[in-house]
Asker: 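Before anything else, here's the structure in question.
Letters go in sequence order (proteins before strands), and every chain restarts at 1. Everything numeric in this text was worked out from a predicted model, so none of it was measured.
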Protein chains: 2
Amino acid sequence: MKSELCLTHILPIRDALDIISGKWKIPILTALCIHKRRFKELHRDVPGITAKMLSKELKDLEINGLVKRTVYETMPVSVEYAVTEYGHTLNPIIFALRDWGLKHRVKILSEDKVEV
Amino acid sequence: MKSELCLTHILPIRDALDIISGKWKIPILTALCIHKRRFKELHRDVPGITAKMLSKELKDLEINGLVKRTVYETMPVSVEYAVTEYGHTLNPIIFALRDWGLKHRVKILSEDKVEV
DNA sequence: TCTTGTGGTTTCCTAAAGGATACCAGTATC
DNA sequence: GATACTGGTATCCTTTAGGAAACCACAAGA
């Protein structure tokens, strides 16, 4: 049945979206995939994010085992965020999003030229 | 530089998220990828969606060239929605999300067993 | 002593996303 | 005559996401 097949595809997708949806989680993970970072570094490198959102999203990501938070007792303390091994299993999604975004931008730009 | 590299990865991802984010667009596209469908069929096959959201999301998807709407002058009229060729370029994202969602569910279930 | 940097928290607010319900015309079916 | 089907729209409402700005302790450097 078409409808049942549909469910077996949609339900896991909903599970994934529940965890990574929103404006910031994928961008944060993307930055951390390139290199682990400290809080203020992330704040600078993820354009437009506020400290409040960054803090909240990092907590969510840590709860779901995608990001690991490590505190170093320097003065002042430094806190390092890194993608966990499990977090790296999201790489195919991140790559697919980036790849599509790049192609989409090319498409939009070429359409603009035709219209003008 | 780490920060500039970061931008070249994050900006296209943001472009992609702008178009497909939200609770319903990917589930709708997933259903249509399996087979084209009429409005009421979609309403039944995408669990939990309201007619209002379905109508709105389909319009968004049509505007972005991901879905094609075709009206047949039957009695009563029937309207068919199908994924466009361009819409199918989202397949890698959809597959990656589904794949991860399935693995994630397995992981969660196995963790529950250990905890109990 | 003033600023800068560390990693955040707190409060207040707005905008957007999404849900519930009722409703529309027209036809076929019971 | 009532019901169910077609593909939606309109209205009202709640919830959530997200943003702005102020603030915290502590230490180093100018």
Asker: Please list, by residue number, the residues of residues 26-33 of chain A whose heavy atoms come closer than 4.0 Å to an atom of DNA chain D; answer none if no residue qualifies.
Answerer: none
Asker: Taking atom P of C:dG7 as reference, at what distance in whole Å does atom CD of A:Glu62 sit?
Answerer: 15 Å
Asker: Once you round it to whole Å, what is the distance between P of C:dG7 and CD of A:Glu73?
Answerer: 12 Å
Asker: Side-chain heavy atoms under 4.5 angstrom apart, residues restricted to Ile, Leu, Val, Met, Phe, Trp, Tyr: same cluster for A:Leu102 and A:Leu29?
Answerer: no
Asker: What integer distance in Å separates A:Met53:CE from C:dT9:P?
Answerer: 13 Å
Asker: Collect all protein-nucleotide pairs involving nucleotides 24-27 of chain D in which both atoms are nitrogen or oxygen and the distance is under 3.5 Å.
Answerer:
none

Asker: A:His43 NE2 to D:dG18 C1': how many Å, rounded?
Answerer: 13 Å
Asker: Please report the distance, rounded to the nearest Å, between CZ in A:Arg37 and P in C:dT6.
Answerer: 14 Å
Asker: Using a 4.0 Å heavy-atom cut-off to protein, can you give one letter per nucleotide of nucleotides 8-15 of chain D, 5' to 3': B if the base is in contact, S if only the sugar-phosphate is, - if neither?
Answerer: BS-BB---
Asker: Determine which pairs satisfy salt bridge (charged side-chain N to carboxylate O under 4.0 Å, His left out) with at least one residue from residues 7-23 of chain A, sequence neighbours left out, and list them in order.
Answerer: A:Asp15-B:Arg105
Asker: Hey, does the side chain of B:His9 reach the backbone of A:Thr30 with a donor-acceptor pair shorter than 3.5 angstrom?
Answerer: no
Asker: Roughly how many Å is it from CD in A:Glu41 to P in C:dT6, rounded to a whole number?
Answerer: 8 Å
Asker: Grouping I, L, V, M, F, W and Y whenever their side-chain heavy atoms are under 4.5 Å apart, do B:Val71 and B:Val67 come out in a common cluster?
Answerer: yes
Asker: A:Val79, A:Leu42: one ILVMFWY side-chain cluster at the under-4.5 Å cut-off?
Answerer: yes
Asker: Does the side chain of B:Ile13 reach to within under 4.5 Å of the side chain of B:Leu17, using non-hydrogen atoms?
Answerer: yes
Asker: Do you know which two heavy atoms are closest between B:Tyr81 and B:Leu32, and how far apart they sit?
Answerer: O-CD2, 3.4 Å
Asker: Under the criterion side-chain contact (heavy atoms from CB on, under 4.5 Å), I'd like the reasoning laid out for A:Ile10 against B:Asp45: C-alpha separation, chi angles, the key distance, then a yes or no.
Answerer: CA-CA 9 Å; A:Ile10 290 180; B:Asp45 293 345; 6.0 Å; no
Asker: Honestly curious: do B:Ile19 and B:Ile26 fall in one hydrophobic cluster under the side-chain, below-4.5 Å linking rule?
Answerer: yes
Asker: Rounded to the nearest angstrom, tell me the gap between atom CH2 in B:Trp24 and atom C1' in C:dA17.
Answerer: 12 Å
Asker: Give me the atom names and distance for the closest heavy-atom approach of A:Pro12 to A:Leu7.
Answerer: CD-O, 4.0 Å
Asker: Would you mind writing out the side-chain donor-acceptor pairs for residues 50-62 of chain B within the sub-3.5 Å range, not counting sequence neighbours?
Answerer:
from    : atom 1 : to      : atom 2 : distance (Å)
B:Thr50 : OG1    : B:Met53 : N      : 3.3
B:Glu57 : OE1    : B:Lys25 : NZ     : 3.2

Asker: Could you tell me the separation between the CZ atom of A:Arg37 and the CZ atom of A:Arg44, rounded to the nearest 0.5 Å?
Answerer: 10.0 Å
Asker: Roughly what angle, to 10°, lies between the helix axis at the start of the helix from C:dT1-D:dA30 to C:dC30-D:dG1 and the one at its end, five pairs per end?
Answerer: 10°
Asker: Is there any salt bridge (charged side-chain N to carboxylate O under 4.0 Å, His left out) pair reaching into residues 64-81 of chain A, and which pairs are they, with sequence neighbours excluded?
Answerer: A:Lys36-A:Glu80
Asker: Can you tell me if A:Arg38 touches the phosphate of C:dT6, counting only side-chain N or O atoms and a distance under 4.0 Å to OP1 or OP2?
Answerer: no
Asker: Let me have the donor-acceptor pairs involving side chains of residues 84-99 of chain B, under 3.5 Å, with sequence neighbours excluded, atom names and distances please.
Answerer:
from    : atom 1 : to       : atom 2 : distance (Å)
B:Thr84 : OG1    : B:Gly65  : O      : 2.6
B:Thr84 : OG1    : B:Leu66  : O      : 3.2
B:Thr84 : OG1    : B:Tyr86  : N      : 3.4
B:Thr84 : OG1    : B:Gly87  : N      : 2.9
B:Tyr86 : OH     : A:His104 : ND1    : 2.5
B:His88 : ND1    : B:Asn91  : ND2    : 3.4
B:Thr89 : OG1    : A:Trp100 : NE1    : 2.9
B:Thr89 : OG1    : B:Tyr86  : O      : 2.5
B:Asn91 : ND2    : B:His88  : O      : 3.4
B:Asp99 : OD2    : B:Lys103 : NZ     : 3.3

Asker: Which sits closer to the 5' end of DNA chain D, B:Val77 or A:Lys23, going by the nucleotide each is nearest to?
Answerer: B:Val77
Asker: How many whole angstroms separate atom CG of B:Leu54 from atom P of C:dA20?
Answerer: 15 Å
Asker: Got a sec? Which of residues 9-19 of chain A come in under 4.0 Å of DNA chain C, heavy atoms?
Answerer: none
Asker: According to salt bridge (charged side-chain N to carboxylate O under 4.0 Å, His left out), who are the partners of A:Arg38, at least two apart in sequence or on a separate chain?
Answerer: none
Asker: The criterion is side-chain contact (heavy atoms from CB on, under 4.5 Å); which residues satisfy it with B:Thr74, sequence neighbours excluded?
Answerer: B:Tyr72, B:Ser78
